Amino acid sequence: MSITKLITSYQKSNEYRKRIHDLIPGGAHTYSKGDDQFPLLSPAAITHGKGSHVWDVDGNEYIECLGGLASISLGHAYEPVVQRVIQELWKGNNFSRPSVIEMEMAEKFLANLPGHDMIKFAKNGSTVTTAAVKLARAYTGRKLVARPIDHPFYSYDDWFIGSTEVKSGIPEEIQSLTVTFKADDLQSLKEIFAKYPNQIACVISEPEKFNPVTKEFLQQAIDFVHSQGALWIMDEMITGYRSYFPGSMVKFGVVPDLATWGKGIANGFSFCCLTGKREIMELGGIRQKGKEKLFLISTTHGGETCSIAAALATMEEFQKYDVIGHNHELGRKYMEGANRIIERYGLRNHIKVMQFPWHVSLGYFDENGNNSWELRTLFHQEMIRRGILFQGIFCPHFSHTNEDVDRILDAFDESANVFKKALEDGWEKYLVGEPIKPVFRRYV
Ligand SMILES: Cc1ncc(COP(=O)(O)O)c(C=O)c1O
């Protein structure tokens, strides 16, 4: 199937873009949804979604590739989730004491996680990663946090953002409490512990990010960190319900001290959680009389019932159907198709298909082999004009179909064609508007 129709109307999007920055700093509630992350020829705002498709304010329709920043694991307005949420909403959404659904959720989520005994709910991933860091500091009596330098994001809180380029508003004392090592590199991990002996409270890391890992590697890393008196926090925000159900810790049969969950576990609803071993989690409890109290997560909306209902319904769908198998199959098809197109256009040195079938990302490189934001923006522009809402990542979910992948690949083919011409004639000739900029940059 060849694609002939290009999206040409972004009039309402342009009006939206003009007004929104007067109202909302950054124009969005996640920097990665912001205007500086998209080409000018792109939707500024979405009105609604159904399954794998979304519609923008101009009425343009797209196949969405990164479903709500990977929070959509089943599909937009996915019937069984919506029905469950509606049922729950009619019973009321927040009470002065815990809702009974909290125990149901706790029991069912933990039943999937051998070795983890307790769970705490929150609305955002950042809240749970920060809570994990706090617990680790209290448990070990140490201050430092170690995180992989080459991983992009763990929290919007100061302990993490202070270790990026964007340090404004974060005191130096706090910046110095996060130290870094090279991801998936045992030697680098050992070096950071040697540099700060008896000072590191925990390592926080995504289990599978850029390189395939093995059970042996993860176990060795965890064992080493334990031998140093520190804790291992496994951040399953992206791997959870994607790499495996429920996540990498079960896939590889390893038990981190704490794990953090969010994104896809409630199909886009705001439900995240921290799980872990009882002796650590219990520090946030109120039954060890006389022990110093630790203020763990305590939020008005943490027990909001409709998001918990969404999480329960999502979990049941994953248990009922082979969602993981479906997603991985589509991801593999996309990876193979993309690589074929790249080969055909002779772009092997310029577009690289990376990562895993459940989270496929592209890297874009210029003639000198340097990462190119200009070429990245151009490729996304061409995909988006062809009805594929694209940020360089395809994260398949249960509503994506084989036909969707065929359409994505058709657009990929035509976009690669433009990309090739841009390599010959210069991207300036093809790109409308400014190139995308990195989220983590010092200056606006
Ligand atoms: C690996 C990882 N951890 C934590 C977070 C923070 O989650 P949230 O945006 O829900 O606060 C993200 C968000 O992108 C993430 O990718």
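Source: prediction; values computed, not measured.
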Quick one, [X] and [Y] - any side-chain contact, counting heavy atoms below 4.5 Å?
X      : Y      : value
Arg137 : Val133 : yes
Gln187 : Asp185 : yes
Ser42  : Arg17  : yes
Asn112 : Gln319 : yes

Could you walk me through whether Lys333 and Asp406 pass the side chain to side chain contact (heavy atoms under 4.5 Å, CB included) check? CA-CA 9 Å; Lys333 174 175 164 148; Asp406 289 337; 3.0 Å; yes
Roughly how far apart are [X] [atom1] and [Y] [atom2], rounded to 0.5 Å?
X      : Y      : atom1 : atom2 : answer
Met118 : Leu283 : CE    : CG    : 10.0 Å
Ser372 : His350 : OG    : NE2   : 10.5 Å
Phe245 : Ser73  : CZ    : OG    : 10.0 Å
Thr129 : Asp157 : OG1   : CG    : 7.0 Å
Gln355 : Cys395 : CD    : SG    : 9.0 Å
Phe394 : Asn327 : CZ    : CG    : 8.5 Å

Check: [Y] main-chain N/O paired with [X] side-chain donor or acceptor under 3.5 Å:
X      : Y      : value
Arg376 : Asn371 : no
Asp36  : Lys437 : no
His326 : Pro396 : no
Asn93  : Cys306 : yes
Asp158 : Gly162 : no
Asp58  : Lys12  : yes
Lys143 : Leu177 : no
Asn267 : Leu74  : yes
Lys120 : Ile297 : yes
Ser71  : Gly68  : yes

Tell me every residue that passes side chain to side chain donor-acceptor pair (under 3.5 Å) with Asn94, counting only those two or more places apart in sequence or in another chain.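 Asn94 satisfies side chain to side chain donor-acceptor pair (under 3.5 Å) with no other residue.
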How about [atom1] on [X], more than 12 heavy atoms from neighbouring residues, nucleotides or ligands closer than 6.0 Å, or not?
X      : atom1 : value
Ile286 : CD1   : no
Lys195 : NZ    : no
Arg340 : CZ    : no
Glu79  : CD    : no
Glu434 : CD    : no
Tyr31  : OH    : no
Gln288 : CD    : yes
Tyr156 : OH    : no

Non-hydrogen atoms of [X] and [Y] that approach each other most closely:
X      : Y      : value
Leu409 : Ala338 : CD2-N, 3.6 Å
Cys65  : Phe390 : SG-CD1, 3.7 Å
Gly229 : Thr140 : O-CG2, 3.6 Å
Leu294 : Ala138 : CD1-CB, 3.0 Å
Ile384 : Leu389 : CG1-CA, 4.3 Å
Ala106 : Ile119 : CB-CG2, 3.5 Å

Can you list the steps and then say if Tyr364 with His380 is a ring pair (Phe, Tyr, Trp, His ring centres under 6.0 Å)? CA-CA 11 Å; Tyr364 308 88; His380 296 184; 5.4 Å; yes
Working for side chain to side chain contact (heavy atoms under 4.5 Å, CB included), residues Asn339 and Glu336: CA-CA 5 Å; Asn339 275 321; Glu336 282 161 21; 5.9 Å; no
How would you list, by chain and number, every residue that makes a ring pair (Phe, Tyr, Trp, His ring centres under 6.0 Å) with Phe365, sequence neighbours excluded? none
List for me each residue that meets ring pair (Phe, Tyr, Trp, His ring centres under 6.0 Å) alongside Trp373, sequence neighbours excluded, and say none if there are none. none
Check against side chain to side chain contact (heavy atoms under 4.5 Å, CB included), Ser32 and Leu69: CA-CA 8 Å; Ser32 42; Leu69 304 180; 3.8 Å; yes
Angle between ring planes, Trp358 versus Phe356, binned at 30° and 60°: parallel, tilted or perpendicular?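 Because their plane-to-plane angle is under 30°, the rings of Trp358 and Phe356 count as parallel.
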Residue pairs fulfilling ring-ring contact (aromatic ring centres under 6.0 Å, His included) with at least one residue in residues 264-295, sequence neighbours excluded: Phe121-Phe271
Verdict with supporting geometry, Tyr78 and His397, ring pair (Phe, Tyr, Trp, His ring centres under 6.0 Å): CA-CA 11 Å; Tyr78 186 83; His397 59 59; 9.0 Å; no
Kindly indicate, with the supporting measurements, whether the criterion salt bridge (Lys or Arg N to Asp or Glu O under 4.0 Å) is fulfilled by Arg287 and Glu282. CA-CA 8 Å; Arg287 60 182 178 180; Glu282 187 68 62; 2.8 Å; yes
Would you say the side-chain atoms of [X] and [Y] include a donor-acceptor pair closer than 3.5 Å?
X      : Y      : value
Ser243 : Lys251 : yes
His226 : Asp257 : yes
Thr130 : Ser155 : yes

Yes or no on side chain to side chain contact (heavy atoms under 4.5 Å, CB included) for Val128 and Trp261, after CA distance, side-chain angles and deciding distance? CA-CA 8 Å; Val128 291; Trp261 308 82; over 6 Å; no
salt_bridge(Glu88, Lys91) N-O dist < 4.0 Å: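 Yes, this pair counts.
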Can a salt bridge be assigned to the pair Glu304 and Lys123 using a cut-off of 4.0 Å between side-chain N and carboxylate O?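 Counted as a salt bridge, because a side-chain N and a carboxylate O are separated by less than 4.0 Å.
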Do any side-chain atoms of residues 218-225 form donor-acceptor pairs under 3.5 angstrom with protein atoms, and if so which ones, sequence neighbours left out?
from: Gln219; atom 1: NE2; to: Asp223; atom 2: OD1; distance (Å): 3.0

Keeping to residues at least two apart or across chains, list the side-chain hydrogen bond (donor to acceptor under 3.5 Å, both in side chains) pairs with something in residues 230-242. Asp235-Thr260, Glu236-Thr239
